[in-house]
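In what follows, every heavy atom counts, from backbone to side chain, and hydrogens, waters and symmetry copies are set aside. Only a predicted model underlies this, so the values are computations on that prediction, with no experimental measurement involved. In what follows, chains carry the letters A, B, and so on, assigned in the order in which the sequence lines appear, proteins first and then strands, with residues in each chain numbered from 1.
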Amino acid sequence: MRKSQREIAESSRSISRRVLMLGVIQASVVAVLGLKLRSMQIERADEYRMLSDGNSVKIRLLPPARGLIQDRNGVVIAGNEQNYHVTLTREDAGDVSAVVARLRHVIPMTDRQAADLLAEIRKRSAVTPVMVADRLSWPEFSSLALNAPSLPGVSPEAGLSRSYPRGGDFAHVLGYVGPVSDFDLAKIENPDPVLRLPEFQLGKVGMEVKLEDELRGKAGARRVEVNSAGREMRELSRQEGQQGATVQTTMDARLQNFALQRLGSESAAAVVIDVTNGDIVAIASAPSFDPNKFVRGISGPDYRALMSHDHRPLADKSVQGAYPPGSTFKMVTLLAGLESGIINPGTRFFCPGSLQIAGRKFHCWRKGGHGTVDAVNSLSHSCDVYYYEVAQRIGIDRIAAMARKLGIGVRHDLPMSAITEGIAPDRDWKRARYKQEWQLGDSINASIGQGYVLASPLQLAVMTARVATGRAVEPRLVRAVDGVPVPVKEFAPLDIHPLNLRTARAGMDAVMNSDSGTARRARILAPEWRMAGKTGTSQVRNITAAERARGVISNDQLPWNRRDHALFVCFAPFDSPRYAVSVVVEHGGGGSAVAAPIARDILLFALAGGLPPLSAYPDDGTRAKVQAIWDSMVLMPEPKPQNSRAKV
Amino acid sequence: MSYLDYSVERVPTGWRKILYINWALVALVSAVSCIGFLMLYSVSGGDIDRWAMPQMERFAVGMVLMIGLAFVPIWFWRSISVISYVVCVLLLIAVEAMGHVGMGAQRWLILGPIRIQPSELTKIAYVMVLAAYYDWLPVEKVSRPLWVLIPVMLILLPTALVLMQPDLGTSVMLIAGGGIVMFAAGVSLWYFGAVIAIVVGLVTAVMESRGTDWQLLHEYQFKRIDTFLDPTSDPLGAGYNIMQAQIALGSGGWSGRGFMQGTQSRLNFLPEKHTDFIFTSLAEEFGFVGAASLLALYVLILGFALSSALTNKDRFASLLTIGIAGTFFLYFAINMATVMGMLPAKGSPLPLVSYGGTSLMILLMGFGILQSAHVHRPR
């Protein structure tokens with residue numbers, strides 16, 4: 001559409017008029033901005049400069065006290081302790097090297113440490129306080145406070161630091177805290193300002209990091225008047241922070257302590273689950289380490305000692321360790337067979353000591369064979385050939401499905417680090433993992449918990465709890481947060497026929513209590529605590545045909561790390577199960593000889609709520625052995641009943 | 001008005017267009033951007049890779065884009081104005097719908113290496129459609145109620161969609177920017193008086209609504225108003241930022257503390273020191289001299305743009321230039337007023353200086369279109 005010259009002229013005039021008006025409006029806005037800038041930067045500059053230089057009021061963050069972690073009875077297992085530390089702020093110090101030199105008269109420091117400190121101070125911004133030393137003794141601290149006038153920028157402060165009063169007992173579950181690193185900050189979007197305080201501690205591993213949000217609390221603030229050296233003159237107002245939530249765990253500190261001592265110097269793990277509600281009452285990994293050393297900054301030699309230890313103290317074997325479950329897996333294979341309908345509890349197989357399958361010879365652990373074996377006997381004698389026969393008939397997929405149903409090959413979600421999923425292998429898994437087809441021999445190996453099958457001690461305990469109750473027991477570690485109980489889940493039935501479950505339990509009972517049971521020597525005599533269990537011994541090496549012909553080398557003659565793993569799972573009381581226990585002793589030798597007695601003692605301690613009476617043990621020399629073990633222990637005293645919301 | 005009325009042959013063609021670009025404006029834009037790089041380098045504590053380098057890379061891309069857009073004939077922009085407006089509205093609706101699916105995570109449109117928020121694109125598209133509308137509308141009809149209602153609807157439709165995101169800051173910008181175009185087009189001053197009266201009434205109503213069950217704003221938005229009115233009421237939260245920003249800004253004094261000498265490490269507690277609050281760092285390190293110089297540069301950019309609009313006899317090009325310049329003005333005025341404590345903090349970048357690809361890219365694209373209007377003005 002064309003426009004007339006008149007229209008164009010009118011449009012131009014109108015726009016010009018309005019642009020001029022717009023220009024005036026915008027110019028006045030700019031003038032207001034300019035005037036405000038002038039008033040702030042020229043007229044009131046001194047006032048702001050004073051505020052900025054910290055001559056007057058400063059806001060200081062008050063780090064919140066970290067939430068406590070308690071055991072199920074309110075015993076504090078992670079608390080806070082008073083910590084005197086000293087920080088240095090470059091902006092306030094002036095000549096930093098002179099101040100550090102004077103500081104060295106009060107706090108002993110090597111030349112190396114002093115150089116590191118100076119480098120650190122120069123690296124950080126001028127107003128960020130840098131930690132000079134912490135965990136000062138009272139004399140050092142008071143001497144610093146006395147010398148304050150000659151040490152500008154140095155501020156001695158009293159704060160809180162994490163401490164683990166039970167030492168190594170809970171090291172793997174709780175993990176530990178540490179100073180906030182740049183790496184930590186980089187991972188968090190919009191980090192809480194309190195994280196930048198030099199003494200602030202952040203969960204690094206385990207429950208401390210998994211429950212960081214609950215445990216951290218909320219920072220407070222105080223407004224203080226400071227002089228030109230940055231030293232506080234007086235506090236103007238104070239808004240207290242809020243302590244992090246108190247987390248009450250399901251663990252029992254005494255049982256945990258006992259379990260760790262009972263595992264002794266072995267490289268081992270034990271898990272105790274209350275089958276009625278899934279509470280993990282104890283979860284121990286041995287050997288342990290002192291998390292307090294990590295909080296305080298572990299020394300090089302100490303750290304190297306932990307790293308080079310062949311028993312791997314830093315690893316949490318209870319949830320991170322994945323082991324071939326060996327014969328403890330036989331409940332899975334048995335239940336898979338019974339549920340398939342292909343075998344029944346009365347089905348018998350003949351064990352001649354070995355079985356020829358697909359051109360390979362698979363051996364039973366007992367060279368001479370077990371003769372005719374039914375379901376219950378297969379468990380109590382731990383006959384391998386029986387399971388080879390079952391696996392051939394039902395196939396791996398049914399076994400894997402049953403394993404997952406019982407909690408193996410499934411990740412159990414607990415607030416702990418690096419929980420393993422284990423492996424419940426099936427055809428699809430092998431195709432995805434190795435790009436190979438599943439072989440019959442793989443099924444044979446898997447049927448007795450060897451080959452590809454891997455399970456953690458936690459998973460074995462869950463499996464046992466599920467067999468014992470017939471319900472899908474889920475483990476849990478947190479009982480209450482800030483006094484509010486975490487509701488106990490109602491566990492759904494497992495959808496396994498009760499008769500089949502009863503057969504598996506009868507087999508586990510026979511392992512302990514029948515005359516020819518493989519773990520008869522570890523049985524509990526007291527009828528009210530009658531125990532059912534299953535041994536496992538898993539190979540970590542191949543036995544060649546040549547070796548088998550010569551005679552299998554016994555564990556005693558092998559180097560430690562080539563010996564078999566010893567495993568044991570059990571539950572009690574048999575009639576109304578309360579606790580399920582799993583024990584894995586790495587390279588311990590035989591399950592019945594090594595793992596079973598440990599599991600029995602831990603189970604009895606849990607049932608008796610302390611050291612059980614000797615009368616619970618069979619009178620065949622066991623009592624003397626047990627007494628000797630107890631005499632070598634220093635047990636934690638029974639906790640005094642106390643307020644569960646204990647103050648720091 | 002059509003370009004056919006003028007001697008189109010006198011409009012530069014081909015590479016000759018490069019001679020007709022408003023190079024003073026290009027120089028000013030580059031100068032402000034350089035101040036931005038300098039400040040980003042400073043607030044990162046001397047870590048060039050953190051913010052300065054990525055910003056420079058985007059600036060380079062944006063400059064090429066800007067010159068490229070300047071070559072596009074201005075009538076092209078008019079012919080696509082309606083389509084681009086419709087596309088922007090559809091995109092806003094799409095983002096809104098996807099946002100619900102993606103739990104609010106989808107607010108971005110990905111164009112190769114560039115991620116752009118549709119709400120930012122809208123800022124250009126709706127100015128184009130308004131300019132085209134007033135170009136088409138005979139001048140004598142401009143103030144008739146029906147013909148005022150149409151542009152108001154054109155403004156309110158994207159505004160409502162942006163408000164649903166919810167992005168209050170951008171909504172206010174859209175309304176004010178559209179208002180500037182309508183004002184320049186010659187809509188009667190009575191309408192503007194009426195709108196101001198309604199807004200005052202509405203603000204009163206909103207403030208009264210707090211705590212009742214017909215509450216009109218989110219609680220966090222009320223909190224921002226609270227801390228704006230009294231920063232000390234929440235010294236740890238939002239008020240902390242404003243107080244620290246004002247202290248830093250005021251302490252700059254006449255000549256500032258010097259480059260990289262600002263104690264803005266104290267602003268370490270200030271997460272937006274490289275984006276919304278970068279003006280405080282500039283004012284702290286270069287003082288009144290530096291801050292006022294930046295303000296002067298902005299005013300010069302605005303001046304060059306408005307004078308280009310005044311000399312442009314094409315109504316569409318003129319209004320488009322005013323709209324883009326007006327949006328630019330709103331950007332820097334709102335940001336500066338915010339950090340000086342004159343407006344509630346609501347997250348708006350300082351144009352060409354703050355770190356952020358989208359706002360830089362959109363601004364440079366806007367300047368490219370502005371240049372296009374300048375290059376192709378009827379002679």
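- If you measure heavy-atom distances from B:L249 to chain A, the contacts under 4.5 Å come from both the backbone and the side chain.
- Side-chain contact check for A:M21 versus B:F183: some heavy-atom pair is nearer than 4.5 Å.
- In this structure, chain B has heavy atoms under 4.5 Å from both the backbone and the side chain of A:R38.
- Inter-residue side-chain proximity for A:Q26 and B:L306 is flagged as met; some heavy-atom pair is nearer than 4.5 Å.
- With a 4.5 angstrom heavy-atom cutoff, B:F329 touches chain A only via side-chain atoms.
- A:E10 places no side-chain N or O within donor-acceptor distance of the main-chain N or O of B:V139, the cut-off being under 3.5 Å.
- Atom OG of A:S11 and atom CG of B:L137 lie 11.0 Å apart (nearest 0.5 Å).
- Contacts with chain A were tallied for B:I322, B:L189, B:V142; B:L189 has the most, counting heavy-atom pairs under 4.5 Å.
- A side-chain donor-acceptor contact under 3.5 Å links A:R18 to the backbone of B:V187.
- Side-chain contact between B:Y298 and A:L33: absent, with no pair of heavy atoms (C-beta onward) separated by less than 4.5 Å.
- Residue A:S16 touches chain B through both its backbone and its side chain, counting heavy-atom pairs closer than 4.5 Å.
- In this structure, B:G186 and A:S14 approach most closely via the heavy-atom pair CA-OG, 4.2 Å.
- Atom-to-atom distance recorded for B:L310:CG and A:I15:CD1 is 9.0 Å, nearest 0.5 angstrom.
- Between chain B and the options A:V30, A:L20, A:L37, the largest number of non-hydrogen pairs under 4.5 Å is found for A:L37.
- Only the side chain of B:L302 has a heavy atom closer than 4.5 Å to any heavy atom of chain A.
- Scanning all heavy atoms of the two residues, the minimum distance from A:A45 to B:G253 falls at CB-CA, 3.8 Å.
- Of all heavy-atom pairs spanning B:I247 and A:Y48, the tightest one is CA-CD2, 3.7 Å.
- When side chains are defined from C-beta on, A:Q41 does not count as touching B:W254, because their heavy atoms never get closer than 4.5 Å.
- Using a 4.5 Å cut-off between heavy atoms, B:A185 contacts chain A through its backbone alone, with no side-chain atom that close.
- Considering every non-hydrogen atom in both B:M340 and A:K36, the closest pair reads O-CE, 3.2 Å.
- The CE atom of A:M40 sits 9.5 Å away from atom OG of B:S251, with the distance rounded to the nearest 0.5 Å.
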